[in-house]
Amino acid sequence: MASKPDSKEKSRIMDFPPHLDALLNEFWDLPSTQYCSGTVPLTKDTCTIFFRSGAESNFVDFTNPEAHKLSALSNACQPATFGLGSQDVLDDTYRKAGKMDTSDFATLFSPTTNGIAESIKNELFVTDPDSGRDLKVELYKLNVYGPGSFFKAHVDTPRSDTMIGSLVVIFPTAHEGGVLHFRKGDERWAFDSAKATATASHTTPHVAYVAFYSDLEHEVSPVTAGYRVTLTYNLYIEPQAQIARPLNTDIRESHASDQSTLEHKMTHSITSLLSDASLLPSGGLLGFPLSHVYPFNTESTKLSTIQNCLKGLDVHLLRVLSSLSHSHSFSFHLKALYKLTSASSISFFLDEFLVVPSGEINHDLGGLWNYLEELNSKKKKEMMKMDVEREGGPQSNHGDTPIAIIAYDARVGYIPKGSEEQNYFWTEEERDEDDPGWRERTGKEKTVPVPVVWVTNTRKVEVEVEETTKPTGFKMPYLAYGNEASMKDAYGELCFVVQVKSASERVGSGVT
Ligand SMILES: O=C(O)CCC(=O)C(=O)O
Ligand SMILES: [Fe+2]
């Protein structure tokens, strides 16, 4: 069984060269966009929503939304549910609103033809022509928030591992309240759709739209008067179509220049870190926890799929690491990042997403480690079997551990080398002191741990979020509150792990 970190670990973590703190903090202090919003005019073609109303058909013209039409639309809706764990729940103390499925209404209004999708691509999803990825916009529901309606804090339920955000379009109807509030860490934003539609509609009626990453926590404050009518869309990343649509070059160029400044700063921080000889003097790993969480399906999602669907700052990080990996010849990999509920200072990364039984989650580190080891040996056997079947004989080069590896969630952690070794967290010196016979018993090469430095922000203040709404690794393998129940898709944390050479190789060669 692995031993737990003790006070020795703490003191070693504190030994991290303090002057590097500033560099690490600088990195995560970069501005990041969480949502984008705007207004677009309604046209004669796009201003109408037709809907089923019992056995009848009806419509609302949003250039002149009459009260009795809006109330008919509201009456034709069903009460909206939300996802609680794996179930759809109707609870009007958490969500009070009307919903209509796409089978019951129709409109020619389309974000892909009126410029909304293009703005989202440019402002939020970093899908420039070279990225090889495109934005897919899929209509999801119509909602009516009448007086007294609201939707408390939640993150949207991921409906696939390529889903990356949500879009809400709010039609120009006179209403009060219904402000969309966002929260991430200690930051707060709000989008007042009633105000946005009213202001923009002074000359001709405009809809307001707001698009945000689906892992961003949000809530709709109560509507106090009128009807707030919305269309919601799911946003997915998909491979770019062969014939790219022309983009609005003005918007594209202004964003391209913001992005290049950001990537320039990131590049500067990382190269400064690498060129400092006190960082990982004998080499090791540099871990970058990603700034978003990502939906995954525990049965089918590969980390490579997620790598194609990164959001915001994480896309820039990938681009910067890709480019630096060539000039500085290092390799880097995306890993699933897990935190242990019972020991907040410990996290570890894996090559795939796992659902660990909740009993194991809450156990101590030893219990979890044993569980991973069992899984490892099962995996190793499976891999062997596959190789035997495929290649007609066992292959030798399987690597140390298909899954597993533990490190600390502080600045510096250690990764064990070799899977049979005990006392994974100790440096050789500490081990000598604690257990003088270990070298003879185990063989030295197996026990040299690989140091890891986490590029995390020490200044970041974690604001207390209710447990039920917090999406983190093991703690919340499935979301408690989403907008619709989903069994298999959940949000997970990830990190990039960069393999760093020794200081003499990095700095001495003058490459960095
Ligand atoms: O109506 C809004 O502004 C947001 C609605 C929402 O969060 C949802 O439907 O999941
Ligand atoms: Fe939502």
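For the numbers below, each heavy atom of this structure counts, side chains included, while hydrogens, waters and symmetry mates do not. Numbers here simply count residues along the sequence, with the first being 1. Every number for a ligand or one of its atoms is a count from 1 in the order of the listing.
Cation-pi check for Arg159 over Tyr140 is met; the charged atom lies under 6.0 angstrom from the ring centroid and within 45 degrees of its normal.
Of all the atoms in ligand 1, the ones that sit under 4.0 Å from a non-hydrogen atom of Asp156 are 10 (O). Those atoms of ligand 1 that come under 4.0 Å of a heavy atom in Arg95, given as number and element, are 9 (O). Shown in contact with Tyr145 at under 4.0 Å from a heavy atom are these atoms of ligand 1, numbered in order with element: 1 (O), 5 (C).
Distances from the Fe ion (ligand 2) to each N, O or S atom of Asp156 single out OD1 as the nearest.
When side chains are defined from C-beta on, Asp192 does not count as touching Leu180, because their heavy atoms never get closer than 4.5 Å.
By the criterion of a heavy-atom distance under 4.0 Å, neither the backbone nor the side chain of Lys141 is placed next to ligand 1.
Ligand 1 is approached by Arg228 to a heavy-atom distance shorter than 4.0 Å.
Relative orientation of the Tyr94 and Phe151 rings is perpendicular, given thresholds of 30° and 60° on the angle between their planes. Between Phe171 and Phe62, the angle of the ring planes lies from 30° to 60°, which puts this pair in the tilted group.
Taking the six-membered ring for Trp and the full ring otherwise, His218 and His154 have centroids separated by under 6.0 Å.
Taking 4.0 Å as the cut-off between side-chain N and carboxylate O, Lys136 and Asp134 do not count as a salt-bridged pair.
Geometry at the Fe ion (ligand 2): NE2/His154 and NE2/His218 form an angle of 90°, nearest 10 degrees.
In terms of polar-atom proximity, Thr230 is not counted as a contact of ligand 1, lacking any N or O under 3.5 Å from an N or O of the ligand.
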